Asks: 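Structure provided below as C-alpha cells; questions to follow.
As the structure is a prediction and not an experimental result, all values here were calculated from the model. As a basis for the values below, the full set of heavy atoms in this structure was taken, side chains included, without hydrogen atoms, waters or symmetry mates. Letters A, B, ... are given to chains in the order of the sequence lines, protein chains preceding strands, and every chain is numbered from 1.
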Number of protein chains: 2
Amino acid sequence: MARTRRADPRGITLADIARAAGVSKITVSRVLRGGPVAGETRDRVLEIVRRLGYVPNRLAGTLSSAGSNLVGVIIPSLANIVFPDVLRGAEAVLDAAGFRSVVGVTDYDPAREEGLIEAMLAWRPAGLIVTGLEHTDRSRAMLTHAGIRVAELMDLDGAGLDIVVGLSNRAAGRASARHLIERGYRRLAYVGHDLGQDRRAAKRFEGFREALSESAAALVATELMPGRSSAAAGREGLARILDRDGGVDAVYFSNDDMAMGGCFLCLARGIAVPDRVALFGFNGLDLAQALPQPLSTIRSPRVRMGEVGARLVCGREPATVVDLGFELVPGATA
Amino acid sequence: MARTRRADPRGITLADIARAAGVSKITVSRVLRGGPVAGETRDRVLEIVRRLGYVPNRLAGTLSSAGSNLVGVIIPSLANIVFPDVLRGAEAVLDAAGFRSVVGVTDYDPAREEGLIEAMLAWRPAGLIVTGLEHTDRSRAMLTHAGIRVAELMDLDGAGLDIVVGLSNRAAGRASARHLIERGYRRLAYVGHDLGQDRRAAKRFEGFREALSESAAALVATELMPGRSSAAAGREGLARILDRDGGVDAVYFSNDDMAMGGCFLCLARGIAVPDRVALFGFNGLDLAQALPQPLSTIRSPRVRMGEVGARLVCGREPATVVDLGFELVPGATA
DNA sequence: TTGAAAGCGCTAACAC
DNA sequence: GTGTTAGCGCTTTCAA
C-alpha cells in the first residue's frame, strides 16, 4: 500500500483518472475546467470520468485556488413565507451563477446570527447575505474583516456595511397611514406581534405613528400580541380591540398574516369590512389577494430583494444601497 | 517572502497564530479542538486567536481529516410553505448538531435535482437529504455510490435508497375519501394542480380513487388546474365544478392552499359549507385552521419529517423506513 | 500540448 | 505536553 491513509475510501481522485487515462493529474484537471488539451486526450479523459462517475472534490479545488462557490444566506425564520420568498430569489440567481447557498436561520436572535456568521466564514464563502441592518458588534467586525462581499436585505432604515437591498419599512408605515387617512378613517388601531424581535415591523409602526402625528387622525388603540405573527394572533388581537370598542374605524396590522386573521374574524362575526372597520396589512401575499375581499396592503418585493442581493454579492460593483420600493395594493378592505 | 502565494490575502492562518504564540501549528490546532494542551499555553493561544479574529478554515480541516459538517438538502420549491417547514425541521437539528445545510431547489424537475446532487457531492457532504422517492437513474447511481447517508423525505409509497422518512400519501388519500364517505357524501369532485410535477399529490389522488371504488360514492367531476397549487387556482377550480353543477356534494382538493381558495369562493358567493358542498384539503396549515370555519384536512408532520430525516442522516443507524403517519383534522368544512 | 514540483491550510501519526 | 513529518486532492507556476 503506497497510500497510508485515504480521506474518503470510496472517493475517486484526479490521480485515479490520470492513471487510468495515462496522463498527468494536471491534464485531467485541464480537461475538466476547459483548459488547452488536445481533442483526443480530452475525449479519452472524459470517457473515463464518466465511466467511473468521478465528481471533482471542490474542497480541494477551492483550497488550492481560493475561489469558493459557496454563498452564505442567513434569515430570521423559515416559518413565515416571507423569508423563503427572499431565499427563493437568492437561490435562483446563485444557482444560475454556479453558486451553492449555505442557509442559516437565526430565529430572530442576534447572538445566533453571530454564531452562524462565524460558522459560515469558516467555509470561506464567496459572499454572505444577511437579513436587516441590526447586528452585534462582533458580527459587524467579522463581516467587515472577512474580505468578502456582504449584502444586507429587507431594510433601508439605517447604516449598512457594503451592499444594502430593500425597502424603507418606515416609509411603508407612513404610506399605510396616509392611505387610511385619505380614505377618511380617523380612529385607528394597531394590532401587532413581538416587535422586539421583528425590528422591521417595529419600524413600520414607527413610520405609521409618525404620519398620524402630522394628521387629523389618531391612534386610539394598540394590541401587541406576544410571539410570532400568525392569523390566530391577528384574529385574537382584533377581537380584543373590537370588544373594547372605542369607536375604532380602521386597523393597521403588523403584516398580512395578522391582517388575514382579522379578515377571518370579521367574516366569522359578520362584521362589515370596510364599512364598520377597515383592515390594512403588509407584504402583499398572494393568498390575501384571493380572499373574498382582497386585502388592502403594501406589496414588498421579496423575491426581487433576494435576486438583486445575490446578483450584487457575486459581482464586483462598489458598495451600494438599492431601494426596491414597495407598491400599495388598494384591495377592498380599506 | 517565503510564501509564493496566498490563497486568501486577508486570511489569517494557523501558522500566523502559531508564530505569534511561539508554538507549533499543531498546538494551536489542539487548542482549537480541545486537545491535550497545557493551561497556560491554551490561554495564550486563545488570546491571540481572539485578538486577531482568527476563524479556522474548514475547507482545509475537512480536506485533511475527512469530516465534513455540510449536509445537502434538496427540496422541490420554496414557494409553498410546506417545504420551508421541512427545511426548518432539518435545519434546526443540523444546526444543533454542528452541521451546515447547503440548500438546493429543483423546481420539481428531476434533471435539476440530478445537477444539484452532483454539485453537492462535489463538496463531499456528510449526508444528503432529498425529497420524495422519484429520481433519475443517474441521481440514484450517484446517491448510492457516494458513500454517504441519504434520506428521502415526505413519501413512503415506493422503494427508498437508505433512510426514508414520511407518510403514505396514498393512505392519506384513502383516509380522506373514507372520511367523506362516512359523513354521507356520495357525489365527490376533485380539484387539483399539475400532478405530473407533484407526484405526492398524484399518489393521494390515487388513494382517494381507490377508496371510492370500493364504496357507494363516486367521483363525478375532476378539475385539474395547470401550474402550481394556489388559492387562486383552487378558487377557480371549484368555481368551474359548481358552475357545471352535476350535484357535487363534496370536493377533495390537492392540498390546503387549493382548499382555502375553495373556502374563499364559498364565502364570496354565500355558498353554505358543508351543507351545500363540503371541502377537504391536505397539509393542516395553521392558516386554514384560523378560517371562520376551520378546514377539514389531514395534517402532515412536515417539521418532524425534517427533524427525523436530519437526525438519521447524521447518525449511524442502519437503513430504515420511518412512517410518521398523519392526523385527520375534522374541521368544520366536511 | 503536456508535465513536475510546490503549496493551499489543516490534521493524523508518531516521535520526543 | 509539544513538535515533526507527511499527507488530504486539487491548482498554480514554471519548464519542456
Asks: Please compare A/L59 and B/R44 by the position of their nearest nucleotide in DNA chain D and report the one closer to 5'.
Replies: B/R44
Asks: Are any of the side-chain nitrogens in B/R50 or B/E47 under 4.0 Å away from the carboxylate oxygens of its partner?
Replies: yes
Asks: Does D/dT11 have OP1 or OP2 under 4.0 Å away from a side-chain N or O of A/S29?
Replies: yes
Asks: Roughly how many Å is it from NZ in B/K25 to C1' in D/dG1, rounded to a whole number?
Replies: 19 Å
Asks: Where the side chain of B/P36 is defined as all heavy atoms beyond and including C-beta, which of D/dT11, D/dG3, D/dT2 is the nearest nucleotide?
Replies: D/dT2
Asks: CZ of A/R124 versus P of D/dT11: gap in Å, rounded?
Replies: 19 Å
Asks: Do any side-chain nitrogens or oxygens of B/S64 fall under 4.0 Å of OP1 or OP2 in D/dG7?
Replies: no
Asks: Could you state the CH2-C1' distance from B/W123 to D/dC8, rounded to the nearest angstrom?
Replies: 15 Å
Asks: If the threshold is 4.0 Å, N to carboxylate O, is there a salt bridge linking B/R199 and B/D157?
Replies: no
Asks: Under 4.0 Å from OP1 or OP2 of D/dC10: is there any side-chain N or O of A/R58 that close?
Replies: no
Asks: For the pair made of CZ in B/R30 and P in C/dA12, what is the distance, rounded to whole Å?
Replies: 10 Å
Asks: Rounded to whole angstroms, how far apart are CG on B/D43 and C1' on D/dG1?
Replies: 15 Å
Asks: Tell me: CZ of B/R42 to P of D/dG1, nearest whole Å?
Replies: 10 Å
Asks: Does a side-chain N-to-carboxylate-O contact under 4.0 Å join A/R112 and B/D95?
Replies: yes
Asks: Taking OP1 and OP2 of D/dG3, is either one under 4.0 Å from a side-chain nitrogen or oxygen of B/S24?
Replies: yes
Asks: Nearest-Å distance, CG (A/N57) to C1' (D/dG7)?
Replies: 14 Å
Asks: Identify which nucleotide among C/dG3, D/dT4, D/dC10 has an atom closest to any side-chain atom of A/T13, counting heavy atoms from C-beta outward.
Replies: D/dC10
Asks: Could you check how far CG of B/L14 sits from C1' of C/dG7, rounded to whole Å?
Replies: 16 Å
Asks: Does the pair A/R304/A/D85 count as a salt bridge with the N-to-O cut at 4.0 Å?
Replies: no
Asks: Tell me whether the OP1 or OP2 atom of C/dC10 has a side-chain N or O from B/Y54 closer than 4.0 Å.
Replies: yes
Asks: Side chain of A/I26: nearest nucleotide among C/dG9, C/dA4, D/dT4?
Replies: C/dA4
Asks: Does C/dG3 have OP1 or OP2 under 4.0 Å away from a side-chain N or O of A/T27?
Replies: yes
Asks: Ignoring hydrogens and angles, state whether a donor on the side chain of A/R302 or A/S300 is under 3.5 Å from an acceptor on the partner side chain.
Replies: yes
